[in-house]
Amino acid sequence: MLGSISVVRARRTPAYRQIVEQVVVLAASGRLVEGDTLPTVRALAEALALNPNTVTRAYRELAREGLIE
């Protein structure tokens, strides 16, 4: 799962939004199914060299959309 999410800094889309979009695609394609766990905020932030607040923002948005809990 961790390797499936990446951030392209050259894109105009904010990093948190890129994470949200990729998780949505993973869910829609069946690669992320109910019961799967996402990486922890710290693990994903470290893997992507992002501030943990960026990942937290993405996860909050995903929760608000009902995709994760």
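Here, residue 1 is the first one in the sequence, and each next residue gets the next number. For clarity, every value in this text was computed on a predicted model and none was experimentally measured.
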Undergrad: Passes side chain to side chain donor-acceptor pair (under 3.5 Å), Thr13 versus Arg11? Steps please.
TA: CA-CA 5 Å; Thr13 306; Arg11 285 184 58 192; 3.1 Å; yes
Undergrad: Would you say that more than 12 heavy atoms from the other residues, nucleotides or ligands in this model lie under 6.0 Å from the CZ of Arg57, or not?
TA: no
Undergrad: Would you give the length of the straight line joining atom CG of Leu62 to atom CD1 of Ile68, rounded to the nearest 0.5 angstrom?
TA: 4.5 Å
Undergrad: Test of understanding: clusters of I, L, V, M, F, W, Y form through side-chain heavy atoms closer than 4.5 Å, transitively. Do Val24 and Leu44 belong to the same one?
TA: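 Same cluster.
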Undergrad: For residues Val7 and Thr54, determine if any side-chain heavy atom of one lies less than 4.5 Å from a side-chain heavy atom of the other.
TA: no
Undergrad: Treating Gln22 as the side-chain partner and Ser6 as the backbone partner, does any N or O pair qualify as donor plus acceptor under 3.5 Å?
TA: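 Here the side-chain-to-backbone pair exists.
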Undergrad: Hey, are the side chains of Ile19 and Leu48 touching, using non-hydrogen atoms and a 4.5 Å cut-off?
TA: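 They are in side-chain contact.
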Undergrad: Do Glu61 side-chain atoms and Arg17 backbone N/O form a donor-acceptor pair below 3.5 Å?
TA: no
Undergrad: Would you mind reporting whether Arg9 and Leu50 have side-chain heavy atoms less than 4.5 Å apart?
TA: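 When only atoms from C-beta onward are counted, Arg9 and Leu50 do touch, with a gap below 4.5 Å.
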Undergrad: Does the side-chain contact (heavy atoms from CB on, under 4.5 Å) test come out yes or no for Val41 and Asn53, once each step is laid out?
TA: CA-CA 8 Å; Val41 169; Asn53 291 331; over 6 Å; no
Undergrad: Quick one: does Tyr16's side chain get under 4.5 Å of Val55's, heavy atoms only?
TA: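 They are not in side-chain contact.
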Undergrad: Would you call Arg60 and Glu65 a salt bridge, taking side-chain N to carboxylate O under 4.0 Å as the test?
TA: no
Undergrad: Are the side chains of Leu38 and Leu32 in touch, meaning some heavy atoms are under 4.5 Å apart?
TA: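 Yes, close enough: below the 4.5 Å cut-off.
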Undergrad: Considering only heavy atoms from C-beta outward, does the side chain of Ser4 approach that of Arg31 to under 4.5 Å?
TA: yes
